[in-house]
Number of protein chains: 2
Amino acid sequence: MGVAERKLREKEQLKNLILSGAKKLFLEKGIEKTTIRNIADEIDYSIGTVYVYFKDKDEIFNGLHSQGFQQLRSLMLPLLKVNDPMERLKALGHIYVDFALDNPDMYELMFSMKAPMAYLEKARMDEWNEGQATFEILRKTVGDCLEKGHFQGHQLNPLTYLIWGTVHGICSFNSNGRIMCVQEEPSEELVRSSYEEFTSLMERF
Amino acid sequence: MGVAERKLREKEQLKNLILSGAKKLFLEKGIEKTTIRNIADEIDYSIGTVYVYFKDKDEIFNGLHSQGFQQLRSLMLPLLKVNDPMERLKALGHIYVDFALDNPDMYELMFSMKAPMAYLEKARMDEWNEGQATFEILRKTVGDCLEKGHFQGHQLNPLTYLIWGTVHGICSFNSNGRIMCVQEEPSEELVRSSYEEFTSLMERF
DNA sequence: TATATTTATTGAACATTGTTCATTACTTTT
DNA sequence: AAAAGTAATGAACAATGTTCAATAAATATA
């Protein structure tokens with residue numbers, strides 16, 4: 001039966017169309033100001049259709065949230081080839097900072113907004129696979145660093161969490177508008193130079 | 001004229017009453033689910049009255065945002081007495097982490113939500129005084145550390161920003177629900193142990 | 001004190017949102 | 001060609017932020 005398969009494919013396509021319309025509007029006019037009606041208009045479907053393919057708005061948020069993590073992951077995976085773990089760690093952070101600066105709205109959706117996580121809770125999915133997968137890449141690298149004698153006397157989990165937290169922290173101030181407190185330089189510069197401070201700190205271990 | 005003064009005082013009081021009602025509901029049922037009608041009900045005034053005292057909902061968010069920074073600041077100021085700057089730095093971070101863990105909703109309002117900053121922009125107040133003031137406490141302390149020979153070869157601004165970013169990063173994962181990726185331990189423990197990792201890293205400089 | 005004026009409070013009404021669901025249009029099967 | 005099944009629709013509903021003419025209360029004036 002090719003029909004059933006085609007229908008499945010079409011369903012998937014329309015789901016993606018809705019997501020891409022949503023993403024376009026998110027980037028154009030901001031996440032908060034994008035409504036279901038806007039999304040429906042954008043892709044020339046009715047409101048009701050959107051609700052056939054997505055249970056509610058949070059599920060749309062979650063869909064884009066997932067896409068964002070896939071994108072970030074695909075940027076990170078090639079770096080697993082870097083043999084020296086400290087170099088790999090620094091490169092991972094660099095990619096991460098670039099991603100956050102290039103995609104502040106996506107970054108906000110992925111790491112600040114409640115909605116995507118609220119959907120996971122509603123859907124009783126207590127696991128956040130995308131986050132976990134990304135975390136694993138980092139943990140593996142930090143583990144390799146420990147094995148090579150870096151960060152002596154530190155524990156894997158809290159250290160990994162600390163490193164992610166650090167890079168996330170300097171990025172998130174940028175994406176959520178809390179960076180004005182040091183106004184002498186443009187905020188992107190401040191984020192990058194802070195990350196440089198961080199890598200030069202890590203190098204000593 | 002005592003009347004005008006009394007009226008001013010009463011105005012201030014009602015403003016505070018609205019804010020405290022809002023805060024109560026925020027903590028009770030979450031920020032997102034608190035409506036203007038709820039706030040008005042809570043304090044036995046009408047919707048309209050709320051709008052006499054606050055231009056819009058963002059201004060209420062901003063009011064609580066300010067109160068949060070005042071509270072955090074008042075927790076930090078006593079630590080300026082600590083003479084050794086590295087000890088002071090660690091103590092400041094500790095206070096900060098405690099505040100974030102004890103007040104996750106307030107923390108989210110202060111450092112993640114768009115609304116309070118959106119209000120500043122709307123009101124054409126390009127300065128974020130509360131944030132700046134808090135940042136200054138930290139910058140002063142980091143500056144003292146540099147003078148005493150810590151963090152050699154690092155620059156004041158990016159380093160200060162990095163340190164704030166680090167502590168904020170590990171806290172924010174907790175308040176915005178992105179901490180599930182390491183599930184072996186309760187999230188509060190992970191935040192605290194990560195902060196310990198951080199202080200023990202800093203101590204070496 | 002009685003009246004006029006200013007100030008404070010109100011809540012009905014509006015626009016916009018997320019969401020639902022009976023109805024319509026279209027596809028596939030018989 | 002008709003029946004059965006699937007997909008798409010948009011009017012309708014409830015809830016929200018917001019406004020504003022009308023009301024009530026407080027103050028100033030005579």
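Since this is a predicted model, take the numbers as computed values, not measurements. Order of the sequence lines fixes the chain letters, A, B, ..., with proteins taken first and strands second; residue numbering starts at 1 for each chain.
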Could you give the CG-to-P distance, from A/L17 to D/dA7, as a whole number of Å?
-> 16 Å

For A/T35, report the nucleic acid contact type (base, sugar-phosphate, nothing); a contact means any heavy atom under 4.0 Å.
-> sugar-phosphate

Within the structure, does a side-chain N or O atom of A/R6 lie under 4.0 Å from either OP1 or OP2 of C/dT28?
-> yes

Atom pair distance, as rounded to whole Å: CD1 in A/I47 and P in C/dT16 = 14 Å

Contact class for A/L14 vs. all strands (heavy atom < 4.0 Å): base, sugar-phosphate, or nothing?
-> sugar-phosphate

What does B/K33 touch in the nucleic acid at a heavy-atom separation under 4.0 angstrom: a base, only the sugar-phosphate, or nothing?
-> nothing

Between D/dA14 (P) and B/N38 (CG): distance, integer Å = 18 Å

So what does B/Y53 hit on the nucleic acid, given a heavy-atom distance under 4.0 Å: a base, only sugar-phosphate, or nothing?
-> sugar-phosphate

Reckon B/Y51 has a side-chain N or O less than 4.0 Å from the OP1 or OP2 of D/dT18?
-> yes

Classify the ring geometry between B/F151 and B/H154 as parallel (under 30°), tilted (30 to 60°) or perpendicular (over 60°).
-> perpendicular

Rounded to whole Å, the CZ-C1' distance (A/F54 to C/dG18) equals 16 Å

How many Å lie between CG on A/D58 and C1' on C/dT17, as a whole number?
-> 14 Å

Minimum-distance nucleotide (side-chain atoms of B/V52 versus D/dT9, C/dT10, D/dA12) | C/dT10

Nearest-Å distance, CG (B/L8) to P (C/dT7)?
-> 12 Å

Separation of B/E10 atom CD from C/dA8 atom C1', in whole Å?
-> 10 Å

D/dT18 P sits how many Å from B/I39 CD1, rounded?
-> 11 Å

Should B/S46 be listed as having a side-chain N or O under 4.0 Å from OP1 or OP2 of C/dT9?
-> no

